[in-house]
Amino acid sequence: MKRREHREEEEEEEEFEEEIEDNEEKTEEISIKAETPQNTPPSIVLTVTYDGKAGRALVKLYDPVNDRIYFWYDNTGHKPYLLTNIRPEELVSKFSKVILHPGFSHIEAVEKYDPLNDRREIFTKINAKDPLSIGGRADSIRELLPKTWESRIRYHLCYIYDNEVVPGMFYRIEDGRLVQVPVEVPSEIEGFIRKLYSNDKEYLEEVEKWIPLFQAPVPNIKRLSVDIEVFTPQENRVPNPREANYEIIAIGLAGSDGLRKVLVLKRLGMELRPEDLDDLLYDDIEVEFFDSEYDMLREFFSIMLQYPILITFNGDNFDLPYIYHRALKLGFRKEEIPITVRRNEASIALGIHLDLYKFFNIRAIEVYAFGGKYRGMDRTLDTIAHAIIGMSKLSRDKTVSQMSYVELINYNFRDAFLGLYLTTYDDNLVLRLILLMSRISKTPPDDLVRNQISAWIRNMLYYEHRKRGWLIPEKEDIIKAKGDIATRAIIKGKKYAGAIVLDPMPGIFPRVYVLDFASMYPSVIKRWNISYETVKCPNEKEQYNKPIPELPHWVCNDRRGLTALIVGLLRDLRAYVYKKLAKSTPSGVLKSYYNVVQSALKVFINASYGVLGADIFQLYCPPAAELTTALARYVLSRTVLRALELGLVPIYGDTDSLFIWNPDENKLKELIDWVDKEFGIEIELDKVYRLVAMSGRKKNYVGILEDGELDIKGLVGKKRNTPDFAKEAFNEVLGLLSDIQGLEDVEKVVEEVRNKVRDYYRRLQRREISLNKLAIRTALTKPLESYTKNTPQHVKAALQLKNLGYNVRPGDIIIYIKTTGKDGVKPIQLARIDEVDPNKYIEYLRTSLEQVLDAFGIEFESIMGSSIIDNYS
DNA sequence: GCGGACTGCTTACCT
DNA sequence: ACAGGTAAGCAGTCCGCG
């Protein structure tokens with residue numbers, strides 16, 4: 001008996017749904033189709049899907065020069081399949097149900113290298129007529145067998161891996177075959193790579209396959225951004241897209257080809273005078289009025305079909321399903337609507353649909369590609385556009401239903417325009433990033449924007465497995481073979497020990513050099529050959545090859561780990577090729593292109609360690625993850641000891657950084673060389689602080705860079721949920737303290753700080769500080785009813801709001817005031833200034849200031865002193 | 001019945 | 001929703017105390 005985990009069942013459901021939709025298409029006439037010629041010019045692969053009607057894989061291509069979309073249907077006879085270790089003869093005798101399954105096609109014997117067991121084995125490959133016969137139904141073939149491999153890979157991805165169709169790369173149809181277009185690699189890059197890997201044949205061979213992915217042109221693909229406005233009878237109610245009960249009153253369209261258009265529905269009692277058009281936001285917006293909503297949608301569909309990429313913001317869950325269901329309501333037949341709606345995504349008939357809301361919500365994109373620019377904010381078009389391109393939605397003081405035509409047109413067009421602009425700014429950065437990451441991960445762009453990084457890295461590595469003829473292991477087999485963890489995490493609930501943080505020396509330190517191990521974890525993974533198949537490999541003799549005494553894990557030495565190879569290669573390409581090229585190329589499109597390449601690489605490199613320790617990752621391998629962090633701790637600790645030996649003074653370090661106070665530059669260089677020689681990984685000078693104020697707490701300091709810029713790390717005075725008045729006080733005190741030049745200034749400045757603090761104290765007591773500045777802004781991370789262990793203050797405030805009829809949801813920022821009343825808090829909407837509890841705010845003042853005063857050896861108490869109490873209480 | 005010590009939960013941050 | 005480590009505030013519990 002086999003018990004399956006809950007998650008797996010969910011996966012199956014999704015798969016099931018996908019294939020069902022595909023099957024439905026069998027009964028439909030698809031009237032909207034691209035041509036399938038025998039020969040085409042070079043065209044970019046937009047996506048690969050399974051076409052249920054044709055019963056084969058479909059590759060969607062776009063020729064940017066002639067602006068044509070092509071469909072290429074598989075003609076190699078590729079079929080959905082799975083692998084089993086049941087022999088063909090046994091299959092016939094004991095598992096005849098498989099052979100008799102209506103979807104069964106044929107079987108073959110295939111030899112695969114099994115990386116987990118380090119041996120070659122023969123498997124039986126069972127081919128089926130359609131993906132659903134493999135898996136996704138209760139009676140699919142994989143359910144009839146005790147053990148299968150590779151049966152949970154979605155078919156279109158399986159097709160990509162087997163046929164090496166790289167999404168985002170150029171192919172052409174030649175005599176009906178799909179052929180990749182060769183890529184020219186500049187001789188400087190070719191030469192540099194040869195030199196870099198002159199004594200490593202394996203890397204050299206591998207890198208030759210990767211370089212074209214970055215050197216092939218990334219065209220500016222024509223695209224259309226769309227946004228709809230729907231009539232809403234009630235305020236603050238978002239219409240339900242599945243019901244689509246209300247009229248679509250406007251459709252805003254912004255194309256990368258310059259299209260600026262708004263389709264508007266004529267409504268009773270509303271008119272547009274010619275002079276109103278003078279108020280248009282952009283005078284070249286083309287406005288088209290429609291008497292019937294049906295005609296308006298028809299016009300929209302015909303425009304939409306001219307673009308290979310459709311851009312929306314939340315189009316998966318609103319605009320496209322709304323249009324689809326509204327069109328059905330208005331009498332369109334299913335096959336006349338070039339949109340397919342699934343539970344959580346919407347796709348289009350000819351090209352691909354990219355929902356930017358999903359894309360910007362990908363954690364790895366937020367953190368690594370945009371440096372956390374919109375971190376902690378709500379994820380509306382307005383905030384994201386404002387944070388990234390500095391442009392906001394048009395503000396409105398009424399609902400779209402109440403707007404005049406011209407207001408509606410302006411508002412609607414701006415939204416569509418923002419969607420487009422988010423993909424065009426900075427030489428089409430976002431589009432290029434998506435296409436490059438598609439190439440790296442072998443994930444079609446429309447899949448890429450809807451999945452998190454663990455799926456991208458999985459696809460990337462699965463592709464490499466298939467290319468090498470490797471068996472793709474099942475997750476539970478990796479766990480069974482390597483599951484045991486040898487370390488314990490400091491944090492309760494975590495699986496294994498992570499980074500090391502050195503105890504900081506408190507005080508003020510002039511001239512601090514910060515050394516940084518450049519991409520520490522990826523470097524460790526490369527240097528120590530870490531991969532799921534090499535860590536704790538089955539080869540007995542390797543068991544003596546333990547890299548560090550702290551852990552019992554050994555690493556295979558006689559074969560290259562796949563993860564180590566790929567991660568190492570991407571790391572090298574970023575560090576030695578594309579970062580350098582980005583730096584040396586004069587400003588212009590090429591420079592910005594190299595920057596996009598190195599950012600795309602960064603996303604993968606930085607997440608490569610994390611996925612090893614994430615149980616949702618298909619190649620999850622806890623010992624590989626804990627060996628990585630253990631080695632990083634080892635490298636950092638040994639480096640600290642060496643620094644001390646050299647007479648250097650390390651004052652702090654965290655994970656991969658080392659702060660050295662006032663170093664002798666020769667000694668510093670000696671240390672850097674030693675690290676390189678001892679560990680074979682690079683440590684570099686990251687930055688120099690003119691001055692660092694260390695509070696004595698970990699992850700908590702202020703540094704002044706040479707250009708005077710402030711680096712404030714972890715201090716309460718900087719945190720998002722600190723009340724503004726405390727942030728202000730913190731900044732003002734920081735300003736005063738930064739004036740200290742020498743010892744002689746200290747007393748004077750301390751006096752100024754004292755006055756400042758007393759002033760705040762007095763204003764708090766006298767309730768002179770506005771509610772807005774006292775407000776605490778804390779995010780609700782889960783539904784209210786999920787706070788069962790305790791009731792934090794922001795939840796108390798949220799509950800009060802809920803009682804008043806507010807709709808409070810996860811992700812909402814609750815703004816509240818600490819009061820003297822029963823709960824001790826009130827949402828700002830309900831609070832009055834005379835209810836404020838000043839004592840609670842004094843504590844805020846204390847913690848935010850203490851962290852910076854501690855560095856100067858100044859006691860907060862000595863500032864507040866008894867005098868305040870005497871004077872004001 | 002109350003306050004202090006303690007643990008655990010929650011959020012926001014750092015690398 | 002790729003990882004673990006740290007700071008801080010508060011909620012809730014236990015314990016001692018004539």
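Values reported hereafter were calculated over all heavy atoms of this structure, with side chains retained and with hydrogens, waters and symmetry mates removed. In what follows, chains are A, B, ... by sequence order, proteins preceding strands, each numbered from 1.
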Quiz item: Which part of the nucleic acid, if any, lies within contact of A/V716, taking any heavy atom under 4.0 Å across all strands shown: a base, the sugar-phosphate backbone alone, or nothing?
Solution: sugar-phosphate
Quiz item: Looking for any heavy atom pair under 4.0 Å, which part of the strands does A/K789 touch: base, sugar-phosphate only, or nothing?
Solution: sugar-phosphate
Quiz item: For A/R697 and C/dA8, is the shortest distance between a side-chain N/O and OP1 or OP2 below 4.0 Å?
Solution: yes
Quiz item: Looking for any heavy atom pair under 4.0 Å, which part of the strands does A/I490 touch: base, sugar-phosphate only, or nothing?
Solution: sugar-phosphate
Quiz item: Quick one: do the A/N529 and A/T534 side chains pair a donor with an acceptor below 3.5 Å?
Solution: no
Practice problem: Assign each of A/E843 and A/D654 to its nearest nucleotide of DNA chain C by heavy atoms, then name whichever residue's nucleotide is nearer the 5' end. | Solution: A/D654
Practice problem: Identify which nucleotide among B/dT15, C/dA8, B/dT11 has an atom closest to any side-chain atom of A/D656, counting heavy atoms from C-beta outward. | Solution: B/dT15
Quiz item: What nucleic acid atoms does A/K818 come within less than 4.0 Å of, heavy atoms only: base, sugar-phosphate, or nothing?
Solution: sugar-phosphate
Quiz item: Would you say A/S848's side chain and A/G717's backbone share a donor-acceptor pair under 3.5 angstrom?
Solution: no
Exercise. With heavy atoms under 4.0 Å as the rule, sort A/Y521 into base, sugar-phosphate or nothing.
Key: nothing
Quiz item: Under 4.0 angstrom, heavy atoms only, what part of the nucleic acid is A/Y368 near: base, sugar-phosphate, or nothing?
Solution: base
Quiz item: Looking across every strand, which nucleic acid part, if any, lies under 4.0 Å from A/T781 by heavy atom: base, sugar-phosphate, or nothing?
Solution: sugar-phosphate
Quiz item: For A/K492 and B/dC9, is the shortest distance between a side-chain N/O and OP1 or OP2 below 4.0 Å?
Solution: yes
Quiz item: Does any non-hydrogen side-chain atom of A/V597 lie less than 4.5 Å from one of A/L436?
Solution: yes
Self-check item: Nearest-Å distance once atom C1' is located in both C/dC2 and B/dC9
Solution: 24 Å
Exercise. Compute the centroid of each ring, for A/F659 and then for A/Y701, and state whether the two points are separated by less than 6.0 Å.
Key: yes
Quiz item: Under 4.0 Å between a side-chain N or O of A/Y652 and OP1 or OP2 of B/dT15?
Solution: no
Quiz item: Is any side-chain nitrogen or oxygen of A/K719 closer than 4.0 Å to OP1 or OP2 of B/dC14?
Solution: no
Exercise. Compare side-chain N and O positions of A/K699 against OP1 and OP2 of B/dC14 and report whether any pair is under 4.0 Å apart.
Key: no
Quiz item: Hey, what's the ring geometry for A/Y374 with A/F360, parallel, tilted or perpendicular (30° and 60° as the breaks)?
Solution: perpendicular
Quiz item: In this structure, which one of A/R379, A/K373, A/R375 forms a side-chain hydrogen bond (donor to acceptor under 3.5 Å, both in side chains) with A/E366?
Solution: A/R379
Exercise. Let me know the distance between CD1 of A/I776 and P of B/dT11, rounded to the nearest Å.
Key: 14 Å
Quiz item: Could you state the OH-P distance from A/Y701 to B/dC13, rounded to the nearest angstrom?
Solution: 15 Å
Quiz item: Counting any heavy atom closer than 4.0 Å, what does A/A614 reach on the DNA or RNA strands: base, sugar-phosphate only, or nothing?
Solution: sugar-phosphate
Self-check item: Below 4.0 Å: OP1/OP2 of C/dG9 and any side-chain N or O of A/T847
Solution: yes
Quiz item: Choosing from C/dT6, C/dA11, C/dC10, which nucleotide comes nearest the side chain of A/K840?
Solution: C/dC10
Self-check item: Sub-4.0 Å heavy-atom contacts from residues 493-501 of chain A onto DNA chain C, ordered by number
Solution: A/K494, A/K495, A/Y496, A/A497, A/G498, A/A499, A/V501
Self-check item: A/Y787 six-ring face occupied by A/K782 cation (under 6.0 Å, within 45°)
Solution: yes
Practice problem: May I ask you to verify if any side-chain N or O of A/S454 is less than 4.0 angstrom from the OP1 or OP2 atom of C/dC2? | Solution: yes
